[in-house]
Amino acid sequence: MSGSNRGAESEERDVVAMNPLFSRPGEATELPRNVLPPGESFPETAYQIVHDEAMLDGNARLNLATFVGTWMDPYAQRLNAETADKNMIDKDEYPATAAIETRCWKILGDLWNAPDPASTIGTSTIGSSEAAMLGGLALKRRWQHARRAAGKSTEKPNLVLSSAVQVCWEKFCNYWDVEARYVPISLEHKVLDGFELEKYVDENTIGVVAILGVTYTGAYEPVEKISAALDEIQAATGLDVPIHVDGASGAMIAPFLQPDLVWDFRVDRVASINTSAHKYGLVYPGLGWVVWRDKAALPEDLVFSVSYLGGDMPTFALNFSRPGSQVLLQYYLFLRLGYDGYYKVQKASQDVALYLSGEIAKMPQFDLWNDGSDIPVFAWSLKKGYTDKWTLYHLSERLRTKGWLLPSYPMPVDLEDLTVQRIVVRNGLSRDLAASLLGDIRTEIAFLDALESPMPVEAVSKGFHH
């Protein structure tokens, strides 16, 4: 499914050979692989070489490990090609694209029930990781301002997170010198739900991250319950701790499939929300969004005024030059689908997830962790004591031979002895494809169950795919 399966890099030839069909008189038939070629090639030749190399990648529609979208319609593809040369950061030269960016985050502010969408502030980003880091930076800076105003130390800030948090938050804490305080999940508390939160929050806590769709399993963390626990902490200690909602996936699912779920700016403590437009926002990678409740939630000293190509403009992203095409694609989808269209697309994915999880729950080999009724993602484990002949890693490897990529991985700290397998249902995984997958799962289980001795473990690859 990936280049890593084609052998070690050291075993590759140092040259890329051309099929005689594509070589021309006077043109080299072999080009160096790791250094710049000495001369030019015809564009058709260079295209064919790259095309053939990329052909060795897996089939994106059969990759059930990634959350990232892999399909857009022909009109979106045309728009993408037409606008890839626009520089998103250059708002002076591309004012229409800049205006559309603003429209997009205002639409999201309204979708996420901001008290006054007109007074929200937001930005597009490369993806949810950059958006999450901007949300974390705003939390840290607000905490620093409040501490300095009270004449208190700004040393040793901490952020409270689930142990099942996505790795971008570990990066944030590492890169910006914030102590990460992980609340462990357990079989009794499968997500961060406010239980014993008072053990982790103190005067140096800059905020709590609530995940709307845990990467490991797809389950929602209950923002209202987390907020209620913080209310109790404030009543007892006076500490007023904000929440950032990491809605990488769920922020583009819940408004359509669970509109009555209170997780967004309807919760007073929610200061900011991020999402991945290239996940259930349905845009090609890479695009993310972060929106703050109001301008007071984003400290002004994080916003820079930049003179660029003849104009002054505010910027508060971590990245600078990048294509504007993804922002235009997001606006295209907002216009193309509207609320009803997004509902239909997300509901179709959820229906497939519930169908798959229901069938897997019937299999005697497995225990279902969740069913995909939050975001259309679910996970399961091998029933304890079922077999000593094979593991979920072996099942992943067997399914890979059929083209399917289903990751198996250990759960986080305190549950690391539990291995789960996960399916991410995205737009493009039809009911028919899902039925084919179930058939392949049953076939490979029958093969594994028929083994007379345990499968070898040395060659099994363990990987976690976001």
Side-chain angles (χ1 to χ4, degrees), residues 67 105-117 120-122 128 131-132 134-136 138-139 159-162 164-166 168-169 183 185 189-195 197 201 207-234 240-277 279-281 288-294 297 339 342-343 345-347 349-350 353 370-378:
F67 288 75
W105 55 254
K106 285 186 179 293
I107 288 171
L108 291 172
D110 179 68
L111 189 67
W112 297 336
N113 294 292
D116 179 12
T120 57
I121 188 167
S128 234
L134 289 173
L139 292 178
L159 183 65
V160 177
L161 320 121
S162 162
V165 77
Q166 213 265 2
C168 71
W169 288 103
V183 180
I185 64 171
H189 300 275
K190 293 184 174 182
V191 294
L192 175 65
D193 58 8
F195 177 69
L197 197 57
V201 172
V208 174
V209 174
I211 311 170
L212 205 69
V214 174
T215 304
Y216 284 82
T217 62
Y220 288 160
E221 294 185 337
V223 180
E224 267 196 307
K225 289 182 68 175
I226 295 169
S227 181
L230 290 172
D231 289 344
E232 295 178 4
I233 291 171
Q234 184 174 7
D240 186 7
V241 179
I243 294 173
H244 173 88
V245 176
D246 182 352
S249 296
M252 291 303 293
I253 292 290
F256 307 105
L257 299 187
Q258 301 99 9
D260 296 328
L261 179 68
V262 179
W263 63 273
D264 49 21
F265 291 123
R266 286 171 289 182
V267 178
D268 291 340
R269 287 191 183 275
V270 173
S272 49
I273 301 170
N274 70 272
T275 194
S276 288
K279 293 180 181 173
Y280 290 102
W289 298 98
V290 57
V291 178
W292 285 267
R293 167 182 292 273
D294 49 38
Y339 186 92
Y342 264 99
Y343 167 80
V345 172
Q346 315 300 36
K347 185 66 166 60
S349 294
Q350 185 187 62
N370 62 312
D371 65 0
S373 57
D374 290 339
I375 63 173
V377 175
F378 64 96

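At least one side-chain heavy atom of V291 sits under 4.5 Å from a side-chain heavy atom of F265. Residues E224 and L261 are not in side-chain contact: their nearest non-hydrogen atoms beyond the backbone lie 4.5 Å or more apart. P242 has its side chain within reach of L139: a pair of non-hydrogen atoms, C-beta onward, lies under 4.5 Å apart. Looking at heavy atoms from C-beta onward, L192 lies out of side-chain contact with I185 at the 4.5 angstrom threshold.
Closest non-hydrogen pair, R269 versus D240, comes out as NH1-OD1, 2.8 Å. Heavy-atom minimum distance, D374 versus Q350: O-NE2, 4.0 Å. Closest approach of A254 and W263 over heavy atoms only: CB-NE1, 3.5 Å. Closest non-hydrogen pair, S128 versus S276, comes out as CB-OG, 2.7 Å. For the residue pair A219 and V191, the shortest heavy atom distance occurs at CB-CG1, 3.9 Å. The shortest non-hydrogen separation linking I375 to Y220 is CG2-CE2, 3.5 Å.
Below 30°, between 30° and 60°, or above 60°: for F256 and Y342 the angle between ring planes is below 30°, a parallel geometry.
With hydrogens and angles disregarded, a donor-acceptor distance shorter than 3.5 Å links the side chain of N370 to the backbone of V377.
Considering OG1 of T120 and CH2 of W292, their distance stands at 11.0 Å, rounded to 0.5 Å.
In summary, of the residues considered (D193, V183, L197), a side-chain contact (heavy atoms from CB on, under 4.5 Å) with I226 occurs for L197 alone. Each of I273, V160, L230 was scored for a side-chain contact (heavy atoms from CB on, under 4.5 Å) with I243, with one residue passing: L230.
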